[in-house]
Amino acid sequence: MSDRILAVSDLSVAFHGKAVVHGVNLHIDRGETLALVGESGSGKSVTALSIPQLLPYPQAGHPTGSICLDGIEMINASKATLLKMRGNRVSVIFQEPMTSLNPLHTIERQVGEVLFVHQRLGRDAVRKRTLELLELVGLQRANERLTAFPHELSGGQRQRVMIAMALANEPDLLIADEPTTALDVTVQAQILTLLKDLQARLNMALLLITHDLGIVRKIADRVCVMHDGLIVEEAPTKTLFTAPAHTYTRTLLTAQPKGNPMPAPPDAAPLLQAEGISVHFPIGQGFLKAKRVLKAVDAVSFTVRKGHTIGVVGESGSGKTTLGMALLRLVRSKGRVVFDGEEIHGLSNKALRPYRRRMQVVFQDPYGSLSPRRSVRQIIEQGLHVHEPQFDEAARTSLVDQALEDVGLDPIDKDRYPHEFSGGQRQRIAIARAVILRPDLIILDEPTSALDMSVQAQVIDLLRDLQARYGLSYLFISHDLRVVRALADELIVMKDGVIVEQGPAALIFAQPKQDYTKALLAAAFDQVVVE
């Protein structure tokens, strides 16, 4: 058996005849981890998806090149060969689990399908193995999750399911496309440890695609750096981090959120006061049997002051996003929400409309939150049609142009569609949609988690600039404590739906009191090392 599991030679990828990847050469040996890094649009995912031939053929094509997986040529392979290789010999962990999982099927059915197709296991055996896999990837209450649908799980929990599916048949090569993007720092460390353990046990090769160089340093043996469809540098991990040869590599290594939160008046008036906010979901069914209750958020209280930024951090499933949606009245909750001195919790939708203008939200996934059927102009001006119906087209166009300039985009592109922009540009469009109404408060739900390090830094600088210019207040929900440290002046740490620690961000970062907070900080700032 050859040690070389994958050999890619002179690979090019073209869409509709236009080349996007040029002359890629790389190889991976059994048991080895190769990291493929680079900014969004550099060609990382396209190169990786070429290996199992998962690109949208025939729109995509390979003008040149060879992909040899354990001695078998994948380019132009028969359907029978590809079916045999996919899942068994090569598996993929996709970046966005919500769009990769079928929303109509339970978790048990989706994981079990992989086992049935490739191993022909019976129903009982499939259920037993599915449960083993979910427990293997650390999914809490795995037995209860079997009958759950993807939308009932958090982003981190969905990613664990994706990893369980990819590992089901113990492949020779695992392609992990941003496998920890949706995960908080402690879960990232657990998943990396899990992948390393499985890799050692199965002698599995790992192709890791990521923009997080901290992960690369922990887990990779070698690194290939991609830029504009080319591999511009390849080196052992230690060499690349200590003596990078290419200018672009040096730029990547120095790109991270920098700076400090914008100084905010300590005596600023309260803008939003949350008192005893609770969101409970019933679990289970039955006429006689009482339903259990999931306390997603339980008796949470805090105050956002004008011009301040509160960071909300915690593991996946801790209640961060649910809390934000409760404040916006997008999920039912108990407790009091006072906005600028007015009680808004019990208001009808009609009475709440004037306040919605002053409270905006930027969601985690900029592609999913932007309508693919609307142009950028239509997306950004939508709020004006609702809240400023007296504005004519010229006035709306002027405000759209200003909003695009505010977020660093060229107004000339306003008639393009979301799919024509990169991930970072789409997130800027989502921010422009929020700021065009000149709100007082913006709830930012993981706005940088899917972005490259360099783009993360740009977005954080942009948010600080907008805050200074318009006096905005932010509720910044994130699992990335490096980003939170650069933006938030107050911090809330959540676990299992409750606040376990809160106070000035600088003080908590320097002197955390709770063990849970200490664990988050240790994982975030590379004090946890994967052996």
Side-chain angles (χ1 to χ4, degrees), residues 6-28 33-69 73-76 90 92-96 173 175-179 181 206-213 215-216 220 222-235 237 240 244-255 366-367 413 416-428 450-456 458:
L6 176 70
V8 177
S9 305
D10 192 31
L11 177 69
S12 61
V13 182
F15 289 93
H16 300 287
K18 182 179 179 180
V20 296
V21 170
H22 317 272
V24 166
N25 295 285
L26 59 84
H27 67 273
I28 310 177
T33 298
L34 175 68
L36 193 57
V37 303
E39 292 182 298
S40 177
S42 61
K44 307 186 301 295
S45 294
V46 169
T47 299
L49 293 177
S50 298
I51 297 168
Q53 296 287 279
L54 291 177
L55 294 177
Y57 304 102
Q59 293 88 349
H62 303 290
T64 64
S66 168
I67 300 172
C68 194
L69 182 61
E73 177 60 52
M74 297 295 287
I75 295 179
N76 297 322
V90 55
V92 183
I93 302 171
F94 294 100
Q95 179 174 358
E96 179 43 61
L173 172 64
I175 300 172
D177 189 359
E178 301 280 7
T181 291
L206 176 62
L207 177 58
L208 176 68
I209 302 166
T210 183
H211 63 254
D212 191 332
L213 295 173
I215 292 175
V216 172
R222 290 185 296 115
V223 185
C224 287
V225 181
M226 288 198 75
H227 181 55
D228 290 340
L230 296 166
I231 292 182
V232 298
E233 184 168 0
E234 178 183 354
T237 302
L240 186 106
H246 198 277
T247 303
Y248 178 71
T249 306
R250 292 194 288 271
T251 301
L252 283 181
L253 292 175
T254 57
Y367 195 75
D413 294 327
R416 294 167 61 189
Y417 288 80
H419 72 273
E420 299 178 84
F421 295 86
S422 70
Q425 290 170 325
R426 287 196 290 264
Q427 197 61 287
R428 288 173 181 265
L451 306 180
D452 306 315
M453 286 291 188
S454 58
V455 181
Q456 281 186 7
Q458 295 167 18

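In this chain, residues are counted from 1 in sequence order.
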How close do [X] and [Y] get, heavy atom to heavy atom, and via which atoms?
X: H22; Y: D228; value: CD2-O, 3.7 Å
X: H246; Y: E233; value: N-OE1, 2.9 Å
X: G43; Y: V21; value: O-CG2, 4.0 Å
X: V223; Y: A220; value: CG2-CB, 4.5 Å
X: A48; Y: I175; value: O-CD1, 3.6 Å
X: L55; Y: S50; value: CD1-OG, 3.3 Å

### The single option from D10, I231, I67, V13 passing side-chain contact (heavy atoms from CB on, under 4.5 Å) against V24
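Exactly one option meets the side-chain contact (heavy atoms from CB on, under 4.5 Å) with V24, and it is I231.
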
Distance in Å, [X] [atom1] paired with [Y] [atom2], rounded so as to fall on 0.5 Å steps:
X: L252; Y: T247; atom1: CG; atom2: OG1; value: 11.5 Å
X: I209; Y: L49; atom1: CD1; atom2: CG; value: 6.5 Å
X: T33; Y: L206; atom1: OG1; atom2: CG; value: 4.5 Å
X: H62; Y: Y57; atom1: NE2; atom2: OH; value: 2.5 Å
X: M74; Y: L11; atom1: CE; atom2: CG; value: 12.5 Å
X: M226; Y: K44; atom1: CE; atom2: NZ; value: 8.5 Å

Is there a side-chain contact between [X] and [Y], using heavy atoms and a 4.5 Å cut-off?
X: T47; Y: V8; answer: no
X: Q458; Y: Q427; answer: no
X: L6; Y: L26; answer: yes

### Message
Side chains of T64 and S12: any donor to acceptor distance under 3.5 Å?
### Response
yes

### Message
Quick one: does any side-chain atom of R250 pair with a main-chain N or O of A245 as donor and acceptor, under 3.5 Å?
### Response
yes

